[in-house]
**Student:** 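Before I ask anything, let me first share the structure, which is written out below as structure tokens.
Predicted, not measured: the structure shown is a model, and the values here were computed from it. Computation of the quantities below employed the complete heavy-atom set of this structure, encompassing side-chain atoms and omitting hydrogens, waters and symmetry-equivalent molecules.
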Amino acid sequence: MKEKLPKGVLENLAPDENVLYAIRKKFSLEAKPKWLVVTDRRIMYIDEKILGRYELTAIPYEKLELVYTKVGKLYSEFLIKREDESEIVLPRMD
């Protein structure tokens, strides 16, 4: 599975950290997709940019307040809420 992951994930995994799930945003007008990656230690949100750049948000399980998933026929939506009340909303995911 690791060979299909974006550079931002591969560069930030700990040597013994295992990826459990990787979900990519469905097709959109953006140049690069957004990723939600679940490892055995944390949840990572990667927003790929052009020229190899990316923004990474990593939330350890200890800092999670809520993870909500709404699954539809065409796509899924995720809401991730940290213990400090900040939220990440990921619409139109595979």
Side-chain angles (χ1 to χ4, degrees):
M1 176 187 275
K2 283 189 176 183
E3 60 275 351
K4 296 180 181 179
L5 294 173
K7 181 177 94 172
V9 173
L10 298 175
E11 290 179 348
N12 290 285
L13 285 175
D16 58 344
E17 187 172 13
N18 297 313
V19 174
L20 304 175
Y21 300 100
I23 304 162
R24 181 173 72 157
K25 186 169 184 172
K26 279 201 157 291
F27 175 76
S28 69
L29 299 176
E30 300 165 353
K32 296 281 193 166
K34 293 175 173 48
W35 288 78
L36 179 66
V37 177
V38 179
T39 74
D40 55 358
R41 298 181 185 180
R42 58 191 168 158
I43 293 176
M44 300 167 72
Y45 167 65
I46 295 87
D47 183 0
E48 291 186 289
K49 308 291 184 185
I50 57 172
L51 302 175
R53 297 177 304 125
Y54 58 88
E55 289 181 20
L56 171 74
T57 303
I59 308 166
Y61 290 130
E62 300 84 33
K63 302 288 183 182
L64 284 174
E65 180 74 27
L66 170 76
V67 177
Y68 174 77
T69 305
K70 180 180 175 184
V71 179
K73 291 184 179 184
L74 299 177
Y75 61 86
S76 300
E77 181 175 292
F78 292 87
L79 168 71
I80 302 166
K81 190 174 184 181
R82 298 184 217 182
E83 67 181 6
D84 67 358
E85 301 297 319
S86 61
E87 296 179 350
I88 298 172
V89 178
L90 302 169
R92 303 184 80 79
M93 300 295 284
D94 278 339

**Student:** Side-chain heavy atoms under 4.5 angstrom apart, residues restricted to Ile, Leu, Val, Met, Phe, Trp, Tyr: same cluster for V89 and Y68?
**Tutor:** yes
**Student:** Assess the residue pair I80 and L36 against the criterion (side chain to side chain contact (heavy atoms under 4.5 Å, CB included)); give the C-alpha distance rounded to whole Å, side-chain angles, the decisive distance to 0.1 Å, and a yes or no.
**Tutor:** CA-CA 10 Å; I80 302 166; L36 179 66; 3.6 Å; yes
**Student:** Nearest heavy-atom pair of Y61 and I43: which atoms, and what distance?
**Tutor:** CE2-CG1, 3.9 Å
**Student:** Report whether Y21 and Y45 are members of the same hydrophobic cluster (ILVMFWY, side-chain heavy atoms less than 4.5 Å apart, transitive linking).
**Tutor:** yes
**Student:** Working to the nearest 0.5 angstrom, can you tell me the gap between N18 CG and L13 CG?
**Tutor:** 9.0 Å
**Student:** Would V71 end up clustered with I23 when hydrophobic side chains under 4.5 Å apart are linked, directly or stepwise?
**Tutor:** no
**Student:** Mind checking whether W35 and L56 have side chains closer than 4.5 Å, heavy atoms only?
**Tutor:** no
**Student:** Exactly one of R82, E65, K81, R42 should register a side chain to side chain contact (heavy atoms under 4.5 Å, CB included) with I59. Which one does?
**Tutor:** R82
**Student:** Please answer whether the main-chain N or O of E55 pairs with a side-chain N or O of D47 as donor and acceptor at a distance below 3.5 Å.
**Tutor:** no
**Student:** Quick one, M44 with V19, criterion side chain to side chain contact (heavy atoms under 4.5 Å, CB included). Give me CA distance, side-chain angles, the key distance, then yes/no.
**Tutor:** CA-CA 10 Å; M44 300 167 72; V19 174; over 6 Å; no
**Student:** Could you give the distance from CZ (R24) to NZ (K34), rounded to the nearest 0.5 Å?
**Tutor:** 13.5 Å
**Student:** Kindly compute the distance separating CG (L20) from CZ (R41), expressed to the nearest 0.5 Å.
**Tutor:** 11.5 Å
**Student:** Quick one: does Y54's side chain get under 4.5 Å of N12's, heavy atoms only?
**Tutor:** yes
